[in-house]
Amino acid sequence: MKNTILNVIGIICVSIMLLQCKGGVKEDQPTVDFAELQKGQPEVHGTEVKDAEIVMNTPLNQEWVKGGENIYNLKCLACHKLTEDKLVGPGWKGVTKKRSPSWIINMIINVDMMLEKDPEAQKLLEQCLVRMPNQNVSKEESLQLLEFMRKNDGEM
Amino acid sequence: MKMSMAALAMLGLIFVFSTGCKPKGVQSAVGGNSAVKSFVPPGKYDEFYNFVSGGFSGQMAVYGLPSGRLFRVIPVFSVDPEKGYGYSEESKPMLNTSHGFVPWDDLHHPALSVTDGIHDGRWAFGNANNTPRIARLDLKTFRTAEILEIPNSGGNHSSPFITENTEYVVAGTRFSLPMGDKLDVPINTYKENFRGTVSFISVDQPTGRMNIAFQILLPGINFDLARAGKGKSHGWFFFSCYNAERANTLLEVNASQMDKDFIMAVNWKKAEEYVKAGKAMKKSVRYAHNVYDEAAHMATSKIETEVLVLDPKDCPDMVYFMPCPKSPHGCDTDPSGEYIVGSGKLAALIPVFSFTKIQEAITAKNFDGDYEGIPVLKYDAVLHGEVKKPGLGPLHTEFDDKGNAYTSFFVSSEIVKWRISDLQVLDRVPTYYSIGHLCVPGGPTKKPWGKYVIAYNKITKDRYLPTGPELTQSAQLYSIDGEKMQLILDFPTIGEPHYAEAIPAELIMKNSTKIYKLEENKNPYVALGEKEAKVVRKGNEIHVYMTSIRSHFTPDNIEGIKLGDVVYFHVTNLEQDWDVPHGFAVKGANNAELLIMPGETQTLLWKPERVGVYPMYCTDFCSALHQEMQGYIRVSPAGANVPLTFSTGEQAKAAQ
Ligand SMILES: [Cu+2]
């Protein structure tokens with residue numbers, strides 16, 4: 001009996017508290033516009049790219065191959081070998097045979113989405129245990145990297 | 001805005017506790033919906049950044065308001081092992097002075113840059129009180145971008161207050177000193193040989209670069225605080241002065257003899273004209289000017305040797321004194337620029353001066369004689385009025401957007417709200433305890449945000465869990481959007497929180513730097529990619545061009561270093577992802593770690609003193625394999641013939 005009364009009092013108290021607090025909660029907490037925050041910032045995140053958007057040249061565009069190699073040396077080589085051997089991430093040998101062009105491009109420029117949605121990307125994270133970092137590679141640069149990977153896989 | 005039930009229930013509990021349980025003692029001052037007013041739910045941002053001086057820590061701390069959460073401690077005048085500031089070769093020049101490397105100072109007052117008298121979010125300035133310096137912090141990077149030493153100065157206290165468009169930052173000396181050729185003088189010849197100065201430092205608008213435009217030579221009194229005029233009083237600067245007695249010993253007695261000290265009014269537009277007309281003397285001095293280059297990730301220090309000095313006796317109508325009771329501290333101009341509030345630390349009233357009356361008194365030459373040749377304006381002629389019996393020991397005043405002023409009272413430990421127009425006291429609240437300065441967001445500008453007042457206190461006993469003889473210093477946040485001030489939060493602070501300014505978050509956060517672009521890295525020792533990692537011997541100097549990325553260094557094995565070698569680790573962080581710094585530390589280094597931001601290069605100097613193999617590792621948790629981010633350095637005896645080699649996971653390469 002006592003307990004019931006206490007419970008009732010408790011419920012009333014909680015209700016009062018909720019009413020009281022609701023009015024007190026600040027309505028003017030500034031909302032933050034993340035799109036605005038990213039503007040003019042050097043950090044780049046790409047949006048999802050589909051296979052249909054990617055044009056594959058044959059023969060290879062040699063300028064792109066060279067550009068891709070420079071980006072590789074600056075931003076990728078620390079973690080990816082050009083052989084099949086894993087370093088921090090998987091080796092690149094054969095990657096263009098195993099994966100679709102859009103898969104590769106999305107891993108480079110949109111890695112958060114891939115690690116969230118793509119089962120193959122998730123499997124790789126389980127093996128490597130290091131999230132592939134966003135290295136601020138633009139979409140154009142990622143196409144050059146793809147060209148360099150194709151060259152690495154023996155295309156001409 | 002919607003909140004989760006859990007958060008509501010939690011707030012409800014706090015609410016019931018604070019009203020229902022009524023704890024005895026000082027805590028009972030917190031009540032009503034105060035917890036709700038300062039609560040910022042997890043994942044939500046604060047409304048304001050609060051830049052708070054770290055006092056004797058030499059740093060500046062950044063808190064969120066209204067939560068009181070600490071976001072960052074920015075190293076300014078003191079070395080900081082957490083960030084390698086003052087330890088890395090790139091940052092050491094920032095702490096260079098004419099006295100050599102000074103690893104500590106005493107930072108009292110932050111000042112945020114303004115455009116048309118309103119905060120613009122570009123820079124913060126801070127003063128070094130001990131070895132006189134002014135620092136400029138870049139609010140894109142939250143780093144110290146420039147430090148300028150002030151010659152002819154001792155105790156740079158009345159600074160770094162700024163003019164309406166950040167044209168000038170001022171630096172007034174607290175201690176007067178002997179100057180020029182006659183430096184070795186008996187201290188008791190103070191009155192003959194000691195002089196004070198105030199310096200006007202120009203700020204280049206696009207870059208922020210500082211330069212001492214001119215100094216004004218003054219009688220040997222002490223300058224305490226200052227404020228620029230604004231609006232109608234733009235072009236003028238006001239400084240509070242104490243020790244008009246010009247005592248040099250036991251100042252607590254000897255500098256409190258006279259009934260009134262002064263507020264000094266400087267017409268700086270006039271001073272500019274005198275400089276242009278060639279009235280300034282070139283004085284030979286020595287002071288350091290240190291600048292951090294964001295592209296090279298590197299500071300340089302230059303010793304400057306000349307400064308321009310104006311003497312008021314050659315420059316009429318430039319400087320005036322106004323009598324102010326008694327040992328004035330605060331000297332604050334209201335948002336309209338018409339009123340200048342003096343605060344005598346030992347006074348029992350607050351005098352409020354009128355800029356219009358000051359101009360009239362100057363025109364009518366309504367003087368009360370002169371002080372060391374500088375005209376003293378008649379007190380009654382320039383007074384708007386006095387706030388009677390406000391409390392004990394008024395220190396500092398800020399303003400809201402409704403014509404009210406808030407004054408801190410050190411001795412009676414309270415904040416008093418009063419109306420500028422009729423000088424009536426409207427409200428008072430206790431502080432816990434011994435408040436120094438206070439801060440209203442935008443309070444020193446033309447556009448205060450009359451939402452909060454924050455008290456910065458000197459003593460906190462019984463506010464927090466004890467931590468030995470020393471307790472944290474603290475701040476108290478009061479809501480001021482209603483008639484009555486309401487205490488809503490205590491929060492601890494680093495060092496001694498002297499003064500602070502607060503600015504809406506949106507003015508800063510949108511410009512915040514996330515990474516340094518590798519492509520723009522101009523450090524001469526950068527390794528752009530692992531292919532450029534190498535080890536180079538130059539006599540007994542070893543230069544290691546090292547890279548770091550989750551989760552290894554390249555190289556991670558180095559051999560062939562000999563006793564007597566001096567090793568420079570130039571570490572480039574190859575990450576291009578926000579908030580992924582890497583650290584770098586070596587066993588036995590008589591130095592600190594490095595903390596290297598994405599895309600940045602920093603250098604650690606290491607002088608090995610024993611033969612052996614030394615571990616090195618990353619100090620900032622960077623990935624699941626952070627613990628594996630490590631390596632070894634072998635040090636051989638001086639005469640050994642171990643070749644200099646380096647490697648990472650493959651055959652060692654010979655060094656160049
Ligand atoms: Cu690391």
Side-chain angles (χ1 to χ4, degrees), chain A residues 10 12-45 69-81 83 85-89 111-112 125-126 128-138 141, chain B residues 1-3 5 7-16 19-20 32-33 35-37 39-41 44-47 66 504-506 509-520 528-533 547-552 554 574-578 580 598-599 622-625 649:
Chain A
I12 292 170
C13 276
V14 168
S15 322
I16 291 171
M17 277 151 40
L18 289 177
L19 285 173
Q20 293 271 14
C21 293
K22 207 159 188 188
V25 170
K26 293 149 59 64
E27 298 293 333
D28 55 352
Q29 203 63 246
T31 52
V32 171
D33 182 349
F34 281 94
E36 183 61 37
L37 260 183
Q38 298 290 344
K39 253 190 225 165
Q41 296 299 322
E43 193 178 4
V44 181
H45 289 280
E69 185 177 7
N70 289 341
I71 299 161
Y72 167 78
N73 284 337
L74 179 62
K75 295 184 169 179
C76 316
L77 170 150
C79 298
H80 298 282
K81 293 190 164 195
T83 62
D85 299 333
K86 171 181 161 295
L87 186 54
V88 180
V111 65
D112 287 342
L125 178 60
E126 270 177 41
C128 302
L129 290 173
V130 175
R131 283 178 79 90
M132 162 114 168
N134 167 25
Q135 284 293 81
N136 269 307
V137 175
S138 68
E141 289 171 329
Chain B
M1 200 194 67
K2 291 220 168 69
M3 289 188 66
M5 287 300 284
L8 276 174
M10 199 186 93
L11 287 174
L13 282 173
I14 294 166
F15 174 79
V16 161
T19 54
N33 59 346
V36 173
K37 281 193 148 184
F39 183 68
V40 178
K44 295 286 176 196
Y45 288 126
D46 279 279
E47 296 171 73
E506 63 207 359
M509 63 192 296
K510 62 174 191 278
N511 298 323
S512 201
T513 297
K514 310 276 194 304
I515 60 162
Y516 295 98
K517 274 191 172 176
L518 274 172
E519 293 89 339
E520 292 167 6
L528 286 173
E530 281 192 0
K531 274 204 164 159
E532 293 190 2
T547 63
S548 65
I549 196 157
R550 281 165 276 186
S551 303
H552 63 271
T554 300
L574 293 179
E575 307 275 356
Q576 291 289 271
D577 203 354
W578 192 13
V580 191
C622 51
S623 72
L625 296 172

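Every chain is numbered from 1, with letters handed out A, B, ... down the list of sequences.
For B/Ile549, the part lying under 4.5 angstrom from a heavy atom of chain A is the side chain only. Heavy atoms closer than 4.5 Å to chain A are found in both the backbone and the side chain of B/Ser551.
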**Request:** Could you walk me through whether B/Glu530 and A/Lys75 pass the salt bridge (Lys or Arg N to Asp or Glu O under 4.0 Å) test, one step at a time?
**Result:** CA-CA 9 Å; B/Glu530 281 192 0; A/Lys75 295 184 169 179; over 6 Å; no

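Side chain of B/Asp577 to main chain of A/Gln135: no donor-acceptor pair is present (N/O by atom type, distance under 3.5 Å, no hydrogens or angles).
Of all heavy-atom pairs spanning B/Leu625 and A/Cys128, the tightest one is CD1-O, 3.8 Å. Nearest heavy-atom pair across B/Arg550 and A/Val88 is O-CG1, 3.5 Å.
Distance check: A/Leu77 CG to B/Lys531 NZ gives 6.5 Å after rounding to the nearest 0.5 Å.
Under the side chain to side chain contact (heavy atoms under 4.5 Å, CB included) rule, B/Leu528 has a single partner from A/Leu74, A/Asn70, A/Asn73, which is A/Leu74.
Most heavy-atom pairs under 4.5 Å with chain A, from the set B/Glu520, B/His552, B/Glu532: that is B/His552.
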